[in-house]
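On a predicted model such as this, the values are computed, not experimentally measured, just so you know. Below, chains carry the letters A, B, ... as their sequence lines are ordered, and counting in each starts from 1.
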Amino acid sequence: MRIATANETYLADAALIQTRTQWAWMGVLTVALVAAPFVLNSYWLYLACLVAINVASATGLNILTGYTGLVSLGQGAFMAVGAYTVAWLDRNLGAPFLVNLFAGGLMAAAVGVFVGLPSLRVKGLYLAIATIGASLILHFVFLNWSSVTGGSRGMNVAPATFLGTPLTTYFQLYWVLVPVAALMVLGAANLFRTRIGRAFIAIRDRDISAEVLGIPLLRYKLLSFAISSFYAGVAGGLWAYFFRSVGPESFTLVESIFYLAAVIVGGMGSILGGIIGAAFMTLVPEILRFGVEAIAPYVNNAGTLLSPVRTVVFGALIILFLVFEPQGLAEIVQRIRRFFHLWPFRR
Amino acid sequence: MSDLLFFIEVTLAGLGSGALLSLTALAFVLIYKATRVINLAVGEILMMGGYFFFAFAASMSLSPWIAIPLAIAGGAAIGALVERGIIRRMLGESPISVFMVTVGLGSVLVGIVELVWGTDPRTLPDFMGTAPIFIGEAYVSRKIAISFVVAALVIAVFLLLFRFWRGGVALRATATDQAAAYSCGINVPGVFSLAWTIGCGTAAGAGVLLGSIGGIAPTMGAFGLSALVVVIVGGLDSVAGALVAGLAIGLVEAWAGTYLGGEYKLVSTFGILILMLMIRPYGLFGTKEIERL
């Protein structure tokens with residue numbers, strides 16, 4: 001709570017943006033996001049689009065894991081469901097891409113509920129393991145249901161068309177991916193101002209007390225699964241339009257671990273955490289690439305070092321954050337903010 | 001008649017790989033019993049065992065009989081270091097955090113192996129001989145037969161140690177009630193270290209056996225996932241469960257892989273997992289402690 005922000009109504013207390021400074025920062029962010037495609041080159045736009053997709057998916061997982069306390073290692077598989085749905089609809093029906101994205105989300109939500117229903121008899125680690133099992137079974141379905149999914153070769157996706165223009169360049173895709181991701185983040189932030197979102201948080205903090213307070217556990221846990229899988233499905237659909245092909249190897253267990261790691265590194269149960277976590281985990285491999293390129297003249301076969309170094313750093317980040325900064329990057333940001341709020345008074 | 005013979009051969013091979021699954025599951029159970037940590041990195045430590053053996057026996061051309069103990073010691077050392085350096089710091093954190101730490105550890109180990117040895121699969125130097133063994137008329141690969149015998153011996157030794165050795169009794173006491181064990185003068189942190197050291201050493205040994213059958217690759221940690229299913233089915237804290245479920249899962253994988261096709265192996269295993277979680281989440285022999293919804 002900062003100084004001089006006493007709120008007099010509940011509405012003001014629950015507002016997303018409470019101070020003028022925050023409005024100013026949001027303005028800066030919006031201007032930056034709008035200006036970015038005109039300033040950045042194609043490579044950085046590619047990364048920006050990738051970050052947008054990952055932010056959407058990580059925010060979805062944050063709703064399930066960070067806010068409802070249900071750990072899932074199936075986010076990658078749910079994204080695959082969305083991506084396959086979009087690819088199939090695009091090929092067989094040729095519906096507008098926004099409709100496809102929505103359908104992909106719904107399909108993933110349905111699969112998520114289907115997976116969640118039996119898994120919810122157990123919780124904690126058992127749930128995590130059950131979602132691993134479910135994602136391996138989904139992988140098997142993608143690989144073997146060839147008439148729909150194209151088997152091991154996967155499917156190609158035609159570029160999305162918006163108002164008659166095919167979206168092929170990263171510049172064009174940016175204008176679709178970033179607004180969709182922003183909308184989804186906004187939706188998640190608003191979710192936790194409602195009864196449903198507060199019920200999720202109550203379930204996370206103590207499920208038995210939540211039930212005593214009149215929250216039907218099963219219904220709300222399934223709802224959380226559905227919303228989270230919907231996010232994953234839409235993100236997977238965006239992914240399909242971005243990479244223009246979907247295959248069974250596109251979304252492996254490693255992807256699911258990636259999203260859980262992004263939520264952990266960013267900060268569980270924090271919308272800001274999901275965003276910075278996803279951005280951070282997407283950009284770290286690129287930073288490593290620059291590092292490897294920098295040492296390339298001095299080391300033999302530096303190129304082959306890249307993938308293993310990324311794997312090591314990926315694991316090390318998970319370990320280091322969990323051991324030293326369990327609240328994640330969001331907590332670091334809070335600490336910096338607190339420092340400036342109190343700045344002249346506390347050294 | 002030959003169909004029956006074929007079935008018996010498949011079954012024997014399944015029992016062989018099932019014994020290896022049991023051995024790996026034993027590493028899970030040992031660590032879970034003592035520290036209540038599900039160590040998903042067991043698969044990767046198993047892989048490290050295979051690579052340590054490769055390094056000692058092939059690269060440094062030591063005799064296999066020296067390389068095997070060194071590989072096991074290497075795995076045990078990793079276990080001891082991880083327990084002391086990371087897991088001990090995480091005491092009292094939520095089980096999910098500790099689980100994710102072991103996931104991260106697995107990633108680090110895979111990366112290190114790829115850095116040092118590259119991503120190509122390799123074969124381990126042969127130390128068991130290749131002459132096939134026949135049980136009656138049924139053919140059994142020599143390596144699988146030897147692995148089965150070794151795994152059975154190791155598990156038997158473990159069962160005896162749990163029953164009679166001071167350390168084994170201390171471990172069971174810690175598993176039953178940490179606070180009571182502590183007040184009886186049992187060195188609980190010592191038990192934690194011991195469990196991780198022995199568990200990871202066992203996994204590394206299983207890695208040497210597994211690697212000598214099918215070769216080693218950075219992806220062989222996936223074997224740990226099958227072993228994870230074994231411990232869930234058998235019960236997370238039950239040695240007998242690991243034994244029975246390991247053999248059962250090995251059989252199911254062999255039958256599904258032969259009669260339905262290789263791609264059905266993992267699916268049948270994980271189908272059993274989901275079924276088990278729905279019916280008996282605490283496993284065949286595990287302690288009932290899971291809260292239901």
More than 12 heavy atoms of other groups within 6.0 Å of B/Lys265 NZ: no

Side chain, backbone, both or neither: which part of A/Val71 has an atom under 4.5 Å from a heavy atom of chain B? side chain

Just give me the residue among A/Ala316, A/Ala261, A/Gly315 that pairs up with chain B most often, heavy atom to heavy atom, under 4.5 Å. A/Gly315

Spacing of OG belonging to B/Ser268 relative to CD1 belonging to A/Ile137, to within rounding of 0.5 Å: 9.5 Å

Tell me, for B/Val101 versus chain A, whether the close heavy atoms (under 4.5 Å) come from the side chain, the backbone, both or neither. both

Compare every heavy atom of B/Met90 with every heavy atom of A/Leu322, then report the nearest pair and how far apart it is. O-SD, 3.9 Å

Rounded to the nearest 0.5 Å, the CG atom of A/Leu73 sits from the CG atom of B/Leu40 at a distance of 8.5 Å

If you count every heavy atom of other residues, nucleotides or ligands that lies below 6.0 Å from B/Arg84 atom CZ, does the total exceed 12? no

At a heavy-atom distance under 4.5 Å, which candidate from A/Ile264, A/Val254, A/Ile319, A/Thr65 has the highest pair count against chain B? A/Ile319

Can you find a pair of side-chain heavy atoms, one from A/Leu136 and one from B/Leu225, that are under 4.5 Å apart? yes

Can you tell me how far the CD1 atom of A/Ile132 sits from the CG atom of B/Leu228, to the nearest 0.5 Å? 6.0 Å

Give a yes or no on this: more than 12 heavy atoms of other residues, nucleotides or ligands lie within 6.0 Å of atom CZ of A/Arg335. yes

Chain B contact via A/Leu253 - which portion, at a heavy-atom distance below 4.5 Å: side chain

Interchain contact, A/Leu317 with chain B, by part (heavy-atom threshold 4.5 Å): neither

So, for A/Ala128 and B/Phe99, which heavy atoms are closest and what is the spacing to 0.1 Å? CB-CE2, 4.3 Å

If you tally heavy-atom pairs under 4.5 Å against chain B, which of A/Asn144, A/Val309, A/Val313 wins? A/Asn144

Residue pair A/Tyr126 / B/Leu236: nearest heavy atoms and the distance that separates them: OH-CD1, 3.0 Å

Please indicate whether B/Arg89 has more than 12 foreign heavy atoms, meaning atoms of other residues, nucleotides or ligands, lying under 6.0 Å from its CZ. no

Contact origin within A/Ile129 toward chain B - heavy atom pairs under 4.5 Å: both

Winner by heavy-atom pair count (cut-off under 4.5 Å) against chain A, out of B/Leu105, B/Leu273, B/Val267: B/Val267

As an exercise: rank B/Val229, B/Ile232, B/Val98, B/Leu109 by heavy-atom pairs under 4.5 Å with chain A and give me the winner. B/Ile232

Between A/Ala130 and B/Leu277 the two heavy atoms that sit nearest each other are CB-CD1, 3.4 Å

Indicate yes or no: at least one non-hydrogen side-chain atom of A/Phe314 is less than 4.5 angstrom from one of B/Val110. no

For A/Arg153, look at atom CZ and say whether over 12 heavy atoms of other residues, nucleotides or ligands are found less than 6.0 Å away. no

Give the member of A/Val141, A/Ile318, A/Ile257, A/Val312 that has the highest number of heavy-atom pairs under 4.5 Å with chain B. A/Val312

If we ignore hydrogens and angles and just use 3.5 Å, is the side chain of A/Thr311 paired with the main-chain N or O of B/Ser107 as donor and acceptor? no

